[in-house]
Every structure is written in C-alpha cells, then in structure tokens.
Amino acid sequence: MIKRTRIVVSAILGASLLILSACSAGAPAKTEGPAPAAETAEVKVTHELGETAVSKEPKRVVIFDYALLDLLDNMDVEIVGLPKANIPPLLSAYGDEKYENVGTLQEPDFEKVFALEPDLILISTRTVAHYEELSKIAPTLYMAVDNDDYLASVEKNALTLGEIFNKTEVVEEKVASLKERAAAIREKASSLEENALVLLANDGSLSAYGPGSRFGFLYGDLGMKPADPGIEVSTHGQSVTFEYVLEKDADYIFVVDRAGVVGGTVTAESMFENDIVKRTKAYAEDRIIYLDPFVWYVTSGGITGTEKMLDEVEEALNKK
C-alpha cells in the first residue's frame, strides 16, 4: 500500500513539473536584481593640449578665463569657483561669496580647486602652464582665442560649450547675431580709405598691435586697414614711441589702457595729452578712441564682451 502511494505521489509531482515547465516556456523570463544603470553621456573635445572626455551637463565647474565665463554666463550655466582678482564689471555678479576664489588666472590655488570637487575645469592662455596639474584634479579643457581668426574661434568655443551643457540652440542664435553685426561693420570699414592703429598704454609705456595680434579682431574680422602692416606680432606687442605714432599718423587710434585693469599711476588719457599726439590727424579729428580695457584686455572671446567690442568700433566709425 505504501509502495503504491509513493508511485501516485511521484506521478503527481512529475505532472506538476511538466505544467510549470510549459508555463515558463510561454512567459518572458524575469530579470533578477535592478536593471543596469545607463552610461553617462560624454563629449570628447580635441583641443591644442590633447583630447578630453567631459560628462554632459557637468554641475561643478571651475573656470580660469573670463571670456569663457562670459560664454557660460550667456548660457545661464552656473559655476562653483573662479579667480576673483580683477573680475570685469560685466561679470561683477561673480564676485559674490557663493563663488569660491580659486587663486589667480596665472596661479591657481590647487587646494581650493581640489576641495571643490569639480567635474570640469576650463582654462585659457593665462593658465596654460598649469594644465597638467589641473587635469589630475578633473577633466580640463584648454580653450583659447585664435587672434588670426577671432570670430571663428569664439564660435568654436561657444558651440563646444553649448554641446557640453545642452545649450547649442542658445549659442547658435547669439553667435549668428555677432557675425551679422561684424559683417556690417566690416563692410563699412572696408569701404573707407582711413586706416587704424591699436596701441596698448601700460603705465607710461606704449606698444603697437597689428593684424594677427591679440587685438587683430579689429583688422581681420572688422576690416580696418592697418596704419602699419609690418608691426611685430607678439604677446606684448611692439614697443613704440609717440614719435612713431606721429610718423604713422593713423586716421583712427584705438587705445587700450592696461593700467586701467591691473593698476598704475599713469592713465592712457594723460599719456596722450602731449604735443606730439596733438599733431596727429586722429587727435585733430577726435578719433582717438579709448577702448574699455576690461573688455579688450581681459574678456575678449566671450559673447557680451564681443558685443561691447562691436559697439565701440561701430561708434568710432560713426564719427565720420
């Protein structure tokens, strides 16, 4: 009797297993445990110092260039730290204590940068010597302006940041506006016979800048004719005298006062009020234009900064 019972139970269990097996075959298999997390989207950026992979929409950005900060400001992208010495007036909001001071443009405070736990660091020419050290802390992008092709490099930097922060549409619209304005100024400047000279006043000393220089935007993109096409291209310009200024006798003289940014005892205006300059055509025609030094010397390469540069050149040409 016991043997027979065991046979019956075995038969029932076997049938049950067959039924369960059939049901399992017709139903999708269940996934054990949580689904794998999606990979974080990245943008690979090739720049002069290498290739850097950056996570999309980084939240903790440290920045060492005011032109790049200008670009981010136009995209409404927040940052966590920046050098606070000599912040340009157009970016004065970033002097707020909620932003950490991370040293200077030339000398980063590595401990503060590390403590901020950034997921992106942006630098340009003034911080280039520290690229390797900063790259050990977080992905670091080197984004400079090409003086030979100013607007194109502004567009490139803006579109790169626009892709990283998902702000491409905003950036494209603003860059298109800059290019349209620049083209109109270039058309007007190119139709004129007058030429121009760009000078940097530095607490009593004087340097001239020509095409391809840090102020080459005026000639290359905006079409002003250089009063001296042979000016040496260098970071600090070609050292000149007021006798040189009189010799070239440019129709327009554009002056950038470096001392107005970094400090000094002699202003550009006081330097140019002398008997030699008073003999120039530019002085006689009221065409010595004192440019905003914070914009031209510190913030060139941004959106708002470039808009202000265009404003000043356009106003100068309207003096005709």
Side-chain angles (χ1 to χ4, degrees), residues 66-67 85-91 104-106 124-126 145 147 150 189 194-222 224-302 305-306 308-317 319:
Y66 296 129
N86 298 320
I87 296 177
L90 64 89
L91 297 169
T104 69
L105 296 174
Q106 292 82 6
S124 190
T125 51
R126 290 181 173 92
V145 170
N147 294 319
Y150 176 87
E194 287 86 354
N195 57 33
L197 181 64
V198 182
L199 299 168
L200 179 75
N202 185 18
D203 201 24
S205 64
L206 205 60
S207 299
Y209 290 80
S213 71
R214 69 188 302 166
F215 306 121
F217 172 55
L218 189 87
Y219 306 108
D221 286 291
L222 300 187
M224 295 296 293
K225 298 175 178 64
D228 182 2
I231 295 174
E232 174 190 351
V233 177
S234 69
T235 302
H236 303 291
Q238 177 181 306
S239 181
V240 297
T241 63
F242 282 112
E243 285 76 13
Y244 165 89
V245 176
L246 178 59
E247 178 190 338
K248 298 306 174 184
D249 203 15
D251 298 292
Y252 291 90
I253 297 177
F254 294 91
V255 182
V256 180
D257 188 1
R258 182 178 183 273
V261 176
V262 301
T265 58
V266 183
T267 66
E269 287 89 340
S270 62
M271 284 178 62
F272 278 76
E273 282 296 327
N274 64 63
D275 292 337
I276 297 175
V277 172
K278 288 178 181 178
R279 292 161 57 191
T280 63
K281 289 184 293 187
Y283 187 92
E285 298 293 331
D286 190 27
R287 289 181 181 168
I288 297 180
I289 295 94
Y290 296 97
L291 301 170
D292 184 329
F294 278 100
V295 170
W296 287 79
Y297 189 73
V298 180
T299 328
S300 62
T306 302
K308 290 184 176 296
M309 293 163 76
L310 294 171
D311 288 342
E312 292 188 325
V313 177
E314 192 172 42
E315 183 180 347
L317 294 180
K319 285 178 179 262

Looking at every heavy atom in both [X] and [Y], which two are closest together, and how far apart are they?
| X | Y | answer |
| --- | --- | --- |
| A201 | M271 | CB-SD, 3.8 Å |
| L218 | A196 | CD2-CB, 4.2 Å |
| N147 | G212 | CB-O, 3.4 Å |
| A250 | A227 | CB-CB, 3.7 Å |
| V266 | G204 | CB-N, 4.0 Å |
| V145 | S300 | CG2-O, 4.2 Å |

Review point. Under 6.0 Å from the six-membered ring centre of F272 and within 45° of its axis: does the NZ or CZ of R287 meet both?
Key: no
Atom [atom1] in [X], atom [atom2] in [Y]: separation rounded to 0.5 Å?
| X | Y | atom1 | atom2 | answer |
| --- | --- | --- | --- | --- |
| I231 | F215 | CD1 | CZ | 12.0 Å |
| T299 | I87 | OG1 | CD1 | 10.5 Å |
| E285 | I253 | CD | CD1 | 12.0 Å |
| I288 | Y283 | CD1 | OH | 7.5 Å |
| L91 | N86 | CG | CG | 12.5 Å |
| K308 | F294 | NZ | CZ | 13.0 Å |

Exercise for review: If the plane angle is over 60° it's perpendicular, under 30° parallel, otherwise tilted; pick one for W296 and F217.
Suggested key: tilted
Does [X] use its side chain to pair, donor to acceptor, with the backbone of [Y] at less than 3.5 Å?
| X | Y | value |
| --- | --- | --- |
| N195 | D251 | yes |
| N202 | S205 | no |
| D257 | A268 | yes |
| S207 | L200 | no |
| E194 | Y252 | no |

Exercise for review: Determine, step by step, whether L90 and D292 satisfy the side-chain contact (heavy atoms from CB on, under 4.5 Å) criterion, reporting the C-alpha distance in whole Å, the side-chain angles of both residues, the deciding distance to 0.1 Å, and the verdict.
Suggested key: CA-CA 11 Å; L90 64 89; D292 184 329; over 6 Å; no
**Study point:** Exercise: do T306 and Y150 side chains pair donor with acceptor under 3.5 Å
**Key:** yes
Practice item. Could you please spell out the steps behind the side-chain contact (heavy atoms from CB on, under 4.5 Å) verdict for V240 and L199? Key: CA-CA 9 Å; V240 297; L199 299 168; 4.1 Å; yes
Check your understanding: Does some side-chain heavy atom of L105 sit less than 4.5 Å from a side-chain heavy atom of Y66?
Key -> yes
Review point. Quick one: are R258 and D203 in side-chain contact, heavy atoms under 4.5 Å?
Key: no
Exercise for review: Using the side chain to side chain contact (heavy atoms under 4.5 Å, CB included) rule, pick out the option among Y244, F254, Y209 that qualifies with L197.
Suggested key: Y244
